[in-house]
K.L.:
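What follows is a structure written as structure tokens; I'll ask about it next.
Whatever order the structure lists them in is the order used to number ligands and atoms, beginning at 1.
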Amino acid sequence: METKQAFLQLQNYIGGKFVSTKSYINSYDPSTGEVYCKVPDSDKEEVGAAVSAAKTAFPIWSSWRPQDRSRVMNKLADLIENHLEEFAQAESKDQGKTVTFARTVDIPRSVYNLRFFASSILHHTTECTHMDHLNCMNYTMRTPIGVAGLISPWNLPLYLLTWKIAPAIACGNTVVAKPSEMTSVTAWMMCQYLSEAGVPPGVVNIVFGTGPRAGEALVCHPDVPIISFTGSTVTAQRIIEKSAPYCKKLSLELGGKNPAIVFEDANLEDCVTTTVRSSFSNQGEICLCTSRIYVQRSVYDKFLQMFVEATRKWKVSIPSDPTASMGALISETHLAKVKGYIKKALAEGATINCGEYVDPLHIPPNNQGGYFMLPTVITGLKEESCCMQEEIFGPVTCVVPFDTEEEVIDKANGVKYGLAATIWTRDVGLSHRVAKRLQAGLVWTNCWLVRDLNLPFGGMKASGLGREGAKDSYEFFTEVKTVTIKH
Ligand code: NAD
């Protein structure tokens, strides 16, 4: 539904300048379902111009001292932080998340990403070995690679974009970034501060548009040797295929089907509070969200009762409501997809314990066109059900009983994904044993989404390729060389 208001119109940012495009696509406010923004529908030509600007800037930027790159990155972080409220409002309007979430998670973490890599670049060292019997010394040298292509999704727009831009430019690369066409506004806002921060023209270029047009042009550009991608596994498979002829270096952060395992000795109160958060934060639209909860049979009934009660208190409302725990889903299509999974579960004879089709949803009249739904808890599903196997990426979670440690490890590992898992127990030995055997890149015990950016982040199996974090991102965004000298 299109209204007659004046739309916000974004422009690409290429070579330090805002540049118009030939055509635009609509971007919707998920809380009303109305178009509110026009996003450039960039193609090969615009991507080519951005790559060319990045290529020109590379020799200059890569020759800057790390401390100078660090200084401008810190300045950019300060500028975003000084405008935190504007960024939070924009992120919420663009994505449907609550303003509170954007204000406390998305934007502060974006600022921190820049500060973290601005600092970490100052502390890397390289290796050196001596072969005295041969009078030889070996050392490794790391150099930036060139133009990095960065492609990010819609769920945590500025957070995930800066998680790529920061390490890439800290290491001395220049970048062409393509944010999701559905959530482009905060990336465009950030461009307004690049020059003031002192980032030279061409170091950060942002090209807006769709995946098949702008994204694929970036993936297939011969002058972009590295691609860092966060998004769905299906898109990653296409990127692998399209980039193969160029032998590009790829970092892929993909989907998940993350289990929480609740053992009978768990502190159920803490577990329920955190598991509601881990299942439904950001409308369940975080790759790390819990979507399968395995509960040991002796505490299953108690857990389920407490969990359903707590989920019913997880308030769905318009994003500006300060009491809202959840806002709107990203799009009409995504809402239909998520609800479709609940319908499939019903058709399989599952029970909806709370949420969609069971409880009423109260949304104000002006927001009836928005993409809202209730957090939903399903039981009675078999392991092979699509709700238990596929990534739903919405506020839907399935609760299943289990009897033994062996059984639950098999079930937790019985999906194609391997991103994150959560264990709830007071038994330290049990926690270590299970963590070791879970096929997941991240395992939390008695907590969720606690992140030290120094340590590796990423998934196993269909959840990704490579890791991100202080050391891993540094290694990805640089090329290593071993030098041997005989003296
Ligand atoms: P998506 O794969 O549809 O899109 C991600 C990005 O890729 C967008 O910018 C899109 O325009 C672009 N794209 C689409 N097709 C492309 C193509 N052919 N070539 C190049 N680029 C293309 O994913 P999404 O729906 O935006 O995001 C949700 C997915 O992202 C979920 O699967 C979620 O689990 C995953 N995700 C993973 C992480 C992680 O760190 N592992 C973090 C956030 C989201």
Side-chain angles (χ1 to χ4, degrees), residues 25 27 39-44 47 94-97 105-106 109 113 149-164 176-184 187 206-221 224 227-244 248 250-258 281-291 329-331 333-335 337-338 390-394 415-420 440-442 449 451 453 456-469 472-473:
I25 43 181
S27 185
V39 175
D41 186 12
S42 309
D43 62 11
K44 227 173 158 179
V47 169
D94 220 18
Q95 203 265 343
K97 65 182 71 215
V105 180
D106 287 58
R109 173 61 192 273
N113 286 339
L150 313 176
I151 302 176
S152 53
W154 49 259
N155 63 323
L156 296 163
L158 195 63
Y159 173 142
L160 291 173
L161 185 70
T162 49
W163 177 236
K164 295 186 183 306
V176 176
K178 195 212 76 69
S180 167
E181 60 276 29
M182 288 190 271
T183 53
S184 298
I206 306 218
V207 177
F208 300 100
T210 67
R213 250 158 90 89
E216 215 155 293
L218 191 55
V219 169
C220 297
H221 199 296
V224 179
I227 298 286
S228 173
F229 169 80
T230 299
S232 63
T233 302
V234 172
T235 305
Q237 286 161 345
R238 173 112 186 136
I239 288 176
I240 292 170
E241 202 185 306
K242 286 279 157 186
S243 63
K248 297 198 180 197
L250 298 179
S251 162
L252 306 172
E253 294 294 347
L254 314 177
K257 188 70 191 169
N258 312 306
S281 282
N282 205 42
Q283 304 73 241
E285 296 166 326
I286 303 181
C287 54
L288 305 166
C289 273
T290 303
S291 61
L329 272 65
I330 182 68
S331 68
T333 315
H334 191 58
L335 178 70
K337 179 188 148 192
V338 174
E390 295 170 20
E391 184 185 45
I392 299 175
F393 213 53
V415 294
K416 71 174 181 178
Y417 296 105
L419 186 54
L442 301 143
L449 204 49
R451 282 278 299 123
L453 305 191
F457 173 92
M460 296 180 180
K461 305 197 284 188
S463 289
L465 185 69
R467 293 290 184 273
E468 295 175 337
D472 298 273
S473 297

K.L.:
Mind checking what makes ring pair (Phe, Tyr, Trp, His ring centres under 6.0 Å) contact with H334, not counting sequence neighbours?
P.N.:
W154

K.L.:
Show the short N or O contacts, below 3.5 Å, that ligand 1 makes with protein N or O atoms; if there are none, say 'none'.
P.N.:
residue  : atom   : partner : partner atom : Å
ligand 1 : 2 (O)  : S232    : N            : 2.9
ligand 1 : 2 (O)  : S232    : OG           : 2.7
ligand 1 : 2 (O)  : T235    : OG1          : 2.7
ligand 1 : 9 (O)  : S152    : O            : 2.7
ligand 1 : 9 (O)  : K178    : NZ           : 3.1
ligand 1 : 11 (O) : K178    : NZ           : 2.9
ligand 1 : 11 (O) : E181    : OE1          : 2.7
ligand 1 : 11 (O) : G211    : N            : 3.2
ligand 1 : 18 (N) : E216    : OE1          : 2.8
ligand 1 : 23 (O) : S232    : N            : 3.4
ligand 1 : 25 (O) : W154    : NE1          : 2.8
ligand 1 : 26 (O) : W154    : NE1          : 3.2
ligand 1 : 30 (O) : G231    : O            : 3.3
ligand 1 : 32 (O) : E391    : OE1          : 2.6
ligand 1 : 34 (O) : E391    : OE2          : 2.5
ligand 1 : 41 (N) : L254    : N            : 3.2
ligand 1 : 41 (N) : L254    : O            : 2.7

K.L.:
Assess whether atom NZ of K337 is packed by more than 12 heavy atoms of other residues, nucleotides or ligands within 6.0 Å.
P.N.:
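Enclosed.
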
K.L.:
Using salt bridge (Lys or Arg N to Asp or Glu O under 4.0 Å) as the criterion, list what pairs up with E181, not counting sequence neighbours.
P.N.:
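Per chain and number, E181 pairs via salt bridge (Lys or Arg N to Asp or Glu O under 4.0 Å) with K178.
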
K.L.:
Between K164 and T230, is the side-chain hydrogen bond (donor to acceptor under 3.5 Å, both in side chains) condition met? List the steps.
P.N.:
CA-CA 9 Å; K164 295 186 183 306; T230 299; 2.7 Å; yes

K.L.:
Which residue, I286, T290, L449, forms the side chain to side chain contact (heavy atoms under 4.5 Å, CB included) with S281?
P.N.:
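Result: among I286, T290, L449, I286 is the only option passing the side chain to side chain contact (heavy atoms under 4.5 Å, CB included) with S281.
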
K.L.:
With sequence neighbours excluded, what pairs up with E391 under the side-chain hydrogen bond (donor to acceptor under 3.5 Å, both in side chains) test?
P.N.:
none

